[in-house]
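See below for the structure under consideration.
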Amino acid sequence: MLTRDQLCTANYHYKRYTLDYFLESSQRLGYRSIELWASGPHLHLEDYDNARLAQLGRAIKDHQLKVACFTPEQCVYAISVSHPDKLYRDRTVEFFNRHIEAAVQLDCHRMVVTTGFAYLDVDPEDAFGWCVEGLSRICRKAEQEGVTLALEPFTKFTTHICNEASQLIRLMNAVGSPALTGLADTDVIATTGVDTFGTFVKMLGAKRLGHVHFLDGNPGGHLVPGDGVLDLKDDLRILSDLGYTGYLGLEVLDRRYVMDPELAMQRALAWYLDNI
């Protein structure tokens, strides 16, 4: 059975407010854990030395919160382990390795990774090979630091390397690291339209499901639960039947929520508690 503590608020749609406000809001609403989006304007890692990260870690704990998942920005930034340029890929590996270290400093042991963007005019098997090589290097760092990575598929508009469960499993098997798990995003799965949420998590299996992004959609939109057309009640049942004990991160992205992000998280929690 799923519990209240598994639902994580997140700061994606709080970007018009300070990070301090996000922490205060999360505590005020009664959340116990957060998925921390590491991006400007809140947390651009180049602006954070060890002392400033330690200060942030204390602030999170002072608000009776824990970082359940650390998610570096990897869509807007020039980050991709599938890029033909080795310099680009090497910078990507270093980027993720630095964020693994930051996650540990924030007492977090789960981090989201992706394949990044992939060109359509490059041999897909070449891109797959670059991706495996880069992820393998990142996984070695994660193994050393005791961090579990959750690999998130994207839609075809971003990449063709990893869009569906079968591709995710192929990639995880090729990397072969115990630190690498899969991420199931309810809205991405529905938008891709190959798997259902049920077939996706069944193919992946309970032991390899490292994190869930729990959103509504039309499909598409990354909406607050209840604001779209997805059958999220059934998705909760599937996770409960699977015995899933990990976290459900509210990666809410639609700009309709940015002016009043706290109301969005209040509604998300209320919906979740009504349906678990």
Side-chain angles (χ1 to χ4, degrees), residues 1-14 22 25-26 29-37 65-71 75 108 110-114 148 150-155 164-165 168 181-193 195-206 208-254 256-257 261-276:
M1 178 176 290
L2 298 173
T3 68
R4 175 195 180 106
D5 289 356
Q6 288 175 262
L7 189 69
C8 302
T9 184
N11 58 311
Y12 301 95
H13 63 300
Y14 279 81
F22 165 67
S25 172
S26 300
L29 292 174
Y31 283 91
R32 284 109 188 221
S33 57
I34 61 175
E35 176 170 333
L36 185 57
W37 174 52
L65 297 166
K66 65 173 290 186
V67 184
C69 185
F70 194 57
T71 306
C75 298
C108 175
R110 178 170 284 98
M111 191 179 89
V112 173
V113 293
T114 66
T148 297
L151 177 59
E152 180 173 18
F154 281 151
T155 69
E164 57 194 75
L168 175 60
T181 63
L183 187 152
D185 184 306
T186 51
D187 194 28
V188 169
I189 292 169
T191 302
T192 300
D195 308 293
T196 66
F197 185 77
T199 60
F200 187 101
V201 299
K202 183 177 180 180
M203 287 179 65
L204 197 59
R208 302 182 86 178
L209 179 58
H211 193 55
V212 172
H213 278 161
F214 191 70
L215 297 313
D216 215 332
N218 284 317
H222 276 52
L223 309 177
V224 166
D227 283 357
V229 300
L230 304 188
D231 191 356
L232 295 182
K233 293 181 183 180
D234 192 54
D235 293 345
L236 289 178
R237 178 192 60 78
I238 290 166
L239 290 171
S240 182
D241 291 348
L242 189 70
Y244 179 67
T245 59
Y247 291 95
L248 293 83
L250 291 164
E251 190 192 29
V252 171
L253 301 178
D254 194 280
R256 75 182 72 175
Y257 304 114
E262 183 168 314
L263 177 61
M265 291 297 93
Q266 182 183 49
R267 292 176 53 235
L269 180 59
W271 186 97
Y272 179 77
L273 293 177
D274 283 345
N275 288 282
I276 58 173

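When atom types are taken as modelled, the side chain of S240 and the backbone of L236 share no donor-acceptor pair closer than 3.5 angstrom. When atom types are taken as modelled, the side chain of T186 and the backbone of F214 share no donor-acceptor pair closer than 3.5 angstrom. For the pair H211 (side chain) and L183 (backbone), a donor-acceptor distance under 3.5 Å is absent. Remark: side-chain polar atoms of T191 are paired, donor with acceptor, to backbone N or O of G220 under 3.5 angstrom. D216 places a side-chain N or O within 3.5 Å of a backbone atom of G226 that can act as its donor or acceptor partner. The backbone N or O of A150 lies less than 3.5 Å from no partner atom in the side chain of R110, so there is not a single donor-acceptor pair. Checked by atom type and distance alone, the side chain of Y244 never pairs as donor or acceptor with a backbone atom of L209 at under 3.5 Å.
Looking at K202 and L242, their side chains never come closer than 4.5 Å, going by heavy atoms from C-beta outward. Using a 4.5 Å heavy-atom threshold, the side chains of W271 and K233 count as touching. Here the side chains of F197 and L230 are not in contact, with every heavy-atom distance at 4.5 Å or above.
Residues V201 and I238 share a closest heavy-atom pair of CG2-CG2, 3.5 Å. When all heavy atoms are compared, the tightest approach of C69 to V112 is SG-CG2, 3.5 Å. When all heavy atoms of A184 and I189 are compared, the pair lying nearest together is CB-CD1, 4.1 Å. In terms of heavy-atom proximity, F154 sits nearest to T192 at O-OG1, 4.3 Å. Residues Y31 and T9 share a closest heavy-atom pair of CD2-N, 3.5 Å. The heavy-atom pair separating E152 from T114 by the smallest distance is O-CG2, 3.8 Å.
Considering CD1 of I276 and CG of L7, their distance stands at 8.5 Å, rounded to 0.5 Å. Interatomic distance, L253 CG to L215 CG, rounded to the nearest 0.5 Å: 6.5 Å. The distance from the OG atom of S26 to the CG atom of L36 is 10.0 Å, given to the nearest 0.5 Å. Note that OG1 of T196 and CE of M203 are 10.5 Å apart. Values are rounded to the nearest 0.5 Å. Once rounded to the nearest 0.5 Å, the distance linking CZ of R256 with CG of D227 reads 6.0 Å. If you take CG on L248 and CG on L250, they are separated by 8.0 Å, rounding to the nearest 0.5 Å.
For D5, the salt bridge (charged side-chain N to carboxylate O under 4.0 Å, His left out) criterion is met by R32, not counting sequence neighbours. For E164, the side-chain contact (heavy atoms from CB on, under 4.5 Å) partners are S166, Q167, V194, D195, not counting sequence neighbours. Take R208 and apply the side-chain hydrogen bond (donor to acceptor under 3.5 Å, both in side chains) test, not counting sequence neighbours, and it matches N173. For H222, the side-chain hydrogen bond (donor to acceptor under 3.5 Å, both in side chains) criterion is met by D185, D187, E251, not counting sequence neighbours. Under the side-chain contact (heavy atoms from CB on, under 4.5 Å) criterion, D241 pairs with R237, not counting sequence neighbours. The salt bridge (charged side-chain N to carboxylate O under 4.0 Å, His left out) search around E262 returns R28, not counting sequence neighbours.
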**Item:** L223 vs Y257, side chain to side chain contact (heavy atoms under 4.5 Å, CB included): CA-CA, chis, key distance, verdict
**Value:** CA-CA 9 Å; L223 309 177; Y257 304 114; 3.6 Å; yes

**Asked** Between N275 and L232, does a side chain to side chain contact (heavy atoms under 4.5 Å, CB included) hold up when you go through it step by step?
**Response** CA-CA 9 Å; N275 288 282; L232 295 182; over 6 Å; no

**Asked** Checking side chain to side chain contact (heavy atoms under 4.5 Å, CB included) for the pair Y12/V252: CA distance, chi angles, key distance, verdict?
**Response** CA-CA 6 Å; Y12 301 95; V252 171; 5.9 Å; no

**Item:** Verdict with reasoning, F200 to L168, per side chain to side chain contact (heavy atoms under 4.5 Å, CB included)
**Value:** CA-CA 10 Å; F200 187 101; L168 175 60; 3.7 Å; yes

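If you check the side chains of E35 and H213, you find a donor sitting under 3.5 Å from an acceptor. Between the side chains of S33 and Y247, no donor-acceptor pair is found at a separation under 3.5 Å.
Note: F22 and Y14 have perpendicular aromatic rings, judged against thresholds of 30 and 60 degrees for the angle between ring planes.
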